[in-house]
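For ligands, and for the atoms within them, numbers begin at 1 and follow the listed sequence. Both backbone and side-chain heavy atoms feed into the values below; hydrogens, waters and symmetry mates do not.
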Amino acid sequence: PINIQWRDSVYDPHLKPLKIHYDPTTCLYIWNNGYSFQVEFDDSADKSVIMGGPLENHYRLKQFHFHWGAINEWGSEHMVDSKVYPAELHLVHWNPVTSTSFEEAIMENNGLVVIGVFLKLGAHHAGLQKLVDALPAVKHKDTIVEFDVFDPSCLMPSCPDYWTYDGSLTTPPLTESVTWIIKKTPIEVDQNQLEEFRMLLFTSAGEEEKRMVDNFRPLQPLMNRTVRSSFR
Ligand SMILES: Cc1cc(=S)c(O)co1
Ligand SMILES: [Zn+2]
């Protein structure tokens with residue numbers, strides 16, 4: 001993740017609007033992978049896909065997860081002009097044109113697209129609450145709960161503006177295979193919803209409990225990369 005300096009980003013008039021078509025019935029389950037809680041999707045067909053934006057072709061939704069802090073002062077992976085948010089949603093997609101599976105796409109250039117959405121403290125988020133209500137069932141690492149019919153579009157801000165840059169995964173294998181699309185406008189969630197995230201555990205049942213908080217990676221230097229914006 002990087003600190004997006006608004007003034008260093010370059011408006012690219014060729015960037016198209018991002019097109020998102022998620023099929024709620026492709027939602028499979030939620031699980032605690034010991035790093036975040038993750039909602040997995042059936043990616044065996046082009047049912048939940050994104051296209052447009054900076055993308056050459058369509059990409060399939062595989063999973064989404066969040067990164068958050070122990071307190072509201074930090075938690076997001078990206079920053080905007082050094083402003084951090086209490087949490088960040090990542091929707092992970094892979095390229096079915098150049099790869100036959102997500103696992104293969106991870107190792108490919110342009111294999112993955114991750115849409116990042118900032119969460120800020122504010123109004124209750126009704127769409128998120130369905131997810132939050134399921135979290136007690138995945139409190140411990142390697143627990144899983146069925147979670148069907150959920151449309152992650154409800155977690156998208158209505159504002160179409162985004163930044164985009166080519167980067168890497170934020171966790172091993174850290175391959176430089178990711179096109180990042182970071183939405184400019186955060187979504188609002190309330191204090192109780194953030195606190196439910198912080199009730200999850202990194203640890204398995206029976207182990208000494210470690211709260212799942214601060215599961216974000218530190219900023220990386222931008223190096224010679226350019227951040228493009230879809231808006232002036
Ligand atoms: C594949 C993948 C992507 C992200 S962004 C993450 O945090 C973990 O795994
Ligand atoms: Zn992530």
Side-chain angles (χ1 to χ4, degrees), residues 1-4 18 20 22 26-43 48-50 53-55 59-70 74-80 84-96 98-120 128 131 135 138 141-142 144 152 155-157 162-183 186-187 189 194 197-198 200-202 212-220 222 225 227:
I2 61 163
N3 178 16
I4 297 167
L18 195 55
I20 294 173
Y22 292 151
T26 55
C27 189
L28 293 173
Y29 55 84
I30 306 178
W31 67 299
N32 177 328
N33 60 15
Y35 181 74
S36 179
F37 67 93
Q38 196 150 294
V39 183
E40 299 285 343
F41 285 78
D42 169 9
D43 61 349
S48 287
V49 293
I50 57 169
L55 308 177
Y59 283 69
R60 280 187 200 163
L61 175 66
K62 166 74 176 144
Q63 50 99 337
F64 70 81
H65 61 272
F66 294 80
H67 302 267
W68 61 90
W74 62 73
S76 61
E77 290 225 314
H78 290 85
M79 296 182 177
V80 180
V84 292
Y85 289 89
E88 184 172 333
L89 159 64
H90 285 160
L91 296 126
V92 181
H93 310 73
W94 60 278
N95 188 336
T98 56
S99 301
T100 57
S101 72
F102 169 75
E103 288 70 23
E104 188 191 305
I106 281 187
M107 308 312 286
E108 299 273 331
N109 264 339
N110 296 324
L112 299 184
V113 169
V114 182
I115 297 179
V117 180
F118 294 117
L119 275 62
K120 79 173 218 186
L128 184 73
L131 204 49
L135 294 187
V138 288
K141 180 181 178 193
D142 295 330
I144 182 170
L155 301 174
M156 287 287 172
Y162 62 86
W163 291 281
T164 182
Y165 73 97
D166 291 336
S168 62
L169 283 184
T170 65
T171 51
L174 300 176
T175 28
E176 289 268 338
S177 60
V178 183
T179 300
W180 286 94
I181 297 175
I182 307 296
K183 300 291 281 184
I187 58 170
V189 300
L194 280 174
F197 284 20
R198 300 178 184 131
L200 293 167
L201 299 178
F202 281 127
M212 184 180 274
V213 292
D214 300 333
N215 56 355
F216 52 86
R217 251 174 58 88
L219 288 176
Q220 306 294 314
L222 187 57
R225 280 174 293 186
V227 178

* is_close_aromatic(H65, W31), centroid dist under 6.0 Å -> no

* Below 6.0 angstrom between ring centroids: does that apply to H78 and W163? ->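 Here the rings of W163 and H78 have centres that are no less than 6.0 Å from each other.
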
* **Per-ligand residue contacts, ligand 1, heavy-atom threshold under 4.0 Å** =>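 Within 4.0 Å of ligand 1, protein side: H65, H67, H90, V92, F102, L169, T170, T171, W180.
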
* Asked: Going by heavy atoms in the side chains, are F66 and L155 under 4.5 Å from each other?
  -> yes

* Asked: Say you draw a straight line from CG of L119 to CD1 of I187; how long is it, rounded to the nearest 0.5 Å?
  -> 4.0 Å

* Once the angle between the rings of W68 and F37 is folded into 0 to 90°, is it parallel (under 30°), tilted (30 to 60°) or perpendicular (over 60°)? -> tilted

* To do: Using the six-membered ring wherever Trp is involved, compare the ring planes of F118 and Y85 and label them parallel, tilted or perpendicular (cut-offs 30° and 60°).
  =>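 It falls in the parallel class, under 30°.
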
* With Y162 via ring pair (Phe, Tyr, Trp, His ring centres under 6.0 Å) - residues at least two apart ->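 Partners of Y162 by the ring pair (Phe, Tyr, Trp, His ring centres under 6.0 Å) criterion come out as none, since no residue qualifies.
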
* **Those residues that, when tested against V84, pass side-chain contact (heavy atoms from CB on, under 4.5 Å) (two or more places apart)** => W74, S76, M79

* **Derivation and outcome, side chain to side chain contact (heavy atoms under 4.5 Å, CB included), residues M156 and L91** => CA-CA 10 Å; M156 287 287 172; L91 296 126; 3.3 Å; yes

* To do: Sort by chain and number the protein N/O/S atoms that are closer than 2.8 Å to the Zn ion (ligand 2), and list them.
  => H65 NE2, H67 NE2, H90 ND1

